[in-house]
Amino acid sequence: MKHKGKYIYVPITTEHASNFGPIGMGGRGDEVTTLGTHGIAAVVSNTSMDHYVVSKGNLTAHTQVIEKVMESYTVLPMRFCTVAETADEIIAFLETHARELKNKLKDMDGKVEVDIKITWTDIKKIYEEIVKENKKIRELKVKGARANQQSLIHAGELVATALEEKMAVEGDRYLRPLKKAAADCKENEPNGDKMIAHAAFLIDKGWLKEFDHRVEEVGETFKERIQIHYVGPMAPFSFVNLQLHWDE
């Protein structure tokens, strides 16, 4: 028989026991409940002590539980696959870190995360602009097949640098008005040559309509040039990612 443990999803502030239904990780129908002390609780479900593979299905299950709890509580998302061996370990941790967790929950109260990715609609046009704007690249392009290997490598490096610079300039242009409606922003490295910017925004719910309006305004103003990919609102995964250490 496999050893059982407790899978931990989020801490919440509550004086009452809650049951969120048979939606626990692992697809076994485990009840998701609270385990708490002195006004702070962990949302947990029974689980085996096996490590969960980072897969789309497991990440979705983890996120769905958090979204369910978010309907009623402010949450601090835990790192995926945080498992304790016993309930006593969880209670001891909550008692030790109660003030810290309560303060963080207070900071996150009424806030959600929105994830924004901005991509160019026509990357071919962007490369054409780079050639037009850079005399050295134009000269190397004119040489074409007559250029030696070193010149071709240099041309590639020049294009890569110019693309990176263009991403930085345009990314700042598009993100700046969105940052003004956010409590916080964390920028990630763009992925691939089409992505200009990728950022997570922490938004006060009272500012969410204003933030959405700004996203629509940027999208409409530059609709011939960019596409905006919007995910959220969701739990503040990018701004809180707790990892528990039982030996602290």
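Everything quoted here is computed from the prediction, not taken from an experiment.
Counting heavy atoms from C-beta outward, Ser45 and Thr33 have side chains that stay 4.5 Å or more apart. At a threshold of 4.5 Å between non-hydrogen side-chain atoms, the residues Leu202 and Met108 count as touching. Counting only heavy atoms from C-beta outward, the side chains of Asp107 and Phe239 never approach each other to under 4.5 Å. Residues Val83 and Lys6 have side chains not in contact (no heavy-atom distance under 4.5 Å, counting atoms from C-beta outward). Side chains of Asp30 and Thr47 form no contact here, defined as non-hydrogen atoms less than 4.5 Å apart. The shortest side-chain heavy-atom distance between Arg28 and Asn46 falls under the 4.5 Å cut-off. Looking at heavy atoms from C-beta onward, Val44 lies out of side-chain contact with Val32 at the 4.5 angstrom threshold.
The aromatic rings of Phe80 and Tyr7 stand perpendicular to each other, their planes meeting at an angle above 60°, with 30° marking the opposite boundary.
A donor-acceptor contact shorter than 3.5 Å is absent between the side chain of Glu220 and the backbone of Glu216. Under a 3.5 Å cut-off, the side chain of Thr221 and the backbone N or O of Glu217 do form a donor-acceptor pair. Using a distance-only test at 3.5 Å, with no hydrogens or angles considered, no donor-acceptor pair links the side chain of Arg214 to the main chain of Leu178. A donor-acceptor pair under 3.5 Å links the side-chain atoms of Thr82 to the main chain of Arg79, judged by distance alone. Although no hydrogens or angles enter the test, the distance criterion places a donor-acceptor pair under 3.5 Å between the side chain of Asn58 and the main chain of Val53. For the pair Ser18 (side chain) and Thr34 (backbone), a donor-acceptor distance under 3.5 Å is absent. Side chain of Glu187 to main chain of Ala199: no donor-acceptor pair is present (N/O by atom type, distance under 3.5 Å, no hydrogens or angles). A donor-acceptor distance shorter than 3.5 angstrom exists from the side chain of Thr121 to the backbone of Glu224, with no hydrogens or angles considered. No donor-acceptor pair closer than 3.5 Å links the side chain of Tyr9 to the backbone N or O of Thr63. The backbone N or O of Thr14 lies less than 3.5 Å from no partner atom in the side chain of Tyr73, so there is not a single donor-acceptor pair.
Residue Lys102 qualifies as enclosed at atom NZ: its count of foreign heavy atoms under 6.0 Å is above 12. Heavy-atom neighbours of Asn103 CG from other residues, nucleotides or ligands within 6.0 Å: above the threshold of 12. The number of heavy-atom neighbours closer than 6.0 Å to NZ of Lys179, taken from other residues, nucleotides and ligands shown, is above 12. Summarising the local packing, CD of Glu95 is surrounded by more than 12 heavy atoms from other residues, nucleotides or ligands at distances under 6.0 Å.
Ile8 approaches Ala42 most closely through the heavy-atom pair CG2-CB, 4.0 Å. In terms of heavy atoms, Leu101 sits closest to Pro11 at CD2-CG, 4.2 Å. Taking both residues in full, the closest heavy atoms of Gly171 and Ala197 are given as CA-CB, 4.2 Å, listed atom of the first, atom of the second, then distance. Residues Pro22 and Glu31 come closest through the heavy atom pair N-OE1, 3.7 Å. Contact record, Ala235 with Ile66: CB-CG2, 3.7 Å, taken as the closest heavy-atom pair. The shortest heavy-atom contact between Glu210 and Ala181 is CG-CB, 4.1 Å.
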- For the pair Leu105 and Leu76, evaluate side chain to side chain contact (heavy atoms under 4.5 Å, CB included) and give the outcome as yes or no after the intermediate values. CA-CA 7 Å; Leu105 281 161; Leu76 300 181; 3.5 Å; yes
Residue pair Glu113, Ile203: steps toward the side chain to side chain contact (heavy atoms under 4.5 Å, CB included) verdict:
CA-CA 6 Å; Glu113 178 177 330; Ile203 313 292; over 6 Å; no
Practice prompt. Apply side chain to side chain contact (heavy atoms under 4.5 Å, CB included) to Ile226 and Thr119, showing your working.
Written response: CA-CA 6 Å; Ile226 65 170; Thr119 57; over 6 Å; no
Test side chain to side chain contact (heavy atoms under 4.5 Å, CB included) applied to Trp120 and Glu170, step by step = CA-CA 10 Å; Trp120 279 304; Glu170 292 199 27; 3.1 Å; yes
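To the nearest 0.5 Å, atoms NZ (Lys111) and CG (Leu208) are separated by 13.0 Å. Atoms CD1 and CD1, from Ile228 and Ile118 in turn, are 5.0 Å apart once rounded to the nearest 0.5 Å. To the nearest 0.5 Å, atom CG of residue Asn191 and atom CD of residue Glu189 are 10.0 Å apart. Note that CD1 of Ile116 and SG of Cys185 are 10.0 Å apart. Values are rounded to the nearest 0.5 Å. The distance from atom CH2 of Trp207 to atom CZ of Phe201, rounded to the nearest 0.5 Å, is 14.0 Å. Note that CE of Met78 and NE2 of His62 are 8.5 Å apart. Values are rounded to the nearest 0.5 Å.
By the rule that hydrophobic residues join a cluster once side-chain heavy atoms approach within less than 4.5 Å of another member, Met195 and Phe222 end up as members of separate clusters.
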Which pairs would a plain distance check flag for residues 124-132, meaning a side-chain donor or acceptor within less than 3.5 Å of a matching protein atom at least two apart in sequence or in another chain?
from   : atom 1 : to     : atom 2 : distance (Å)
Tyr127 : OH     : Asp193 : OD2    : 3.0
Glu129 : OE1    : Lys166 : NZ     : 3.3
Glu129 : OE1    : Arg225 : NH2    : 2.7
Glu129 : OE2    : Arg225 : NH1    : 2.9

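Under 3.5 Å, the side chains of Asp109 and Thr74 contain a donor-acceptor pair of N or O atoms. Looking at His198 and Asp115, their side chains do bring a donor and an acceptor atom within 3.5 Å of each other.
Annotation: ring-ring contact (aromatic ring centres under 6.0 Å, His included) contacts involving residues 10-48, sequence neighbours excluded, are absent.
The side-chain contact (heavy atoms from CB on, under 4.5 Å) test with Phe211 singles out one residue from Val114, Val112, Asp204, and that residue is Val114.
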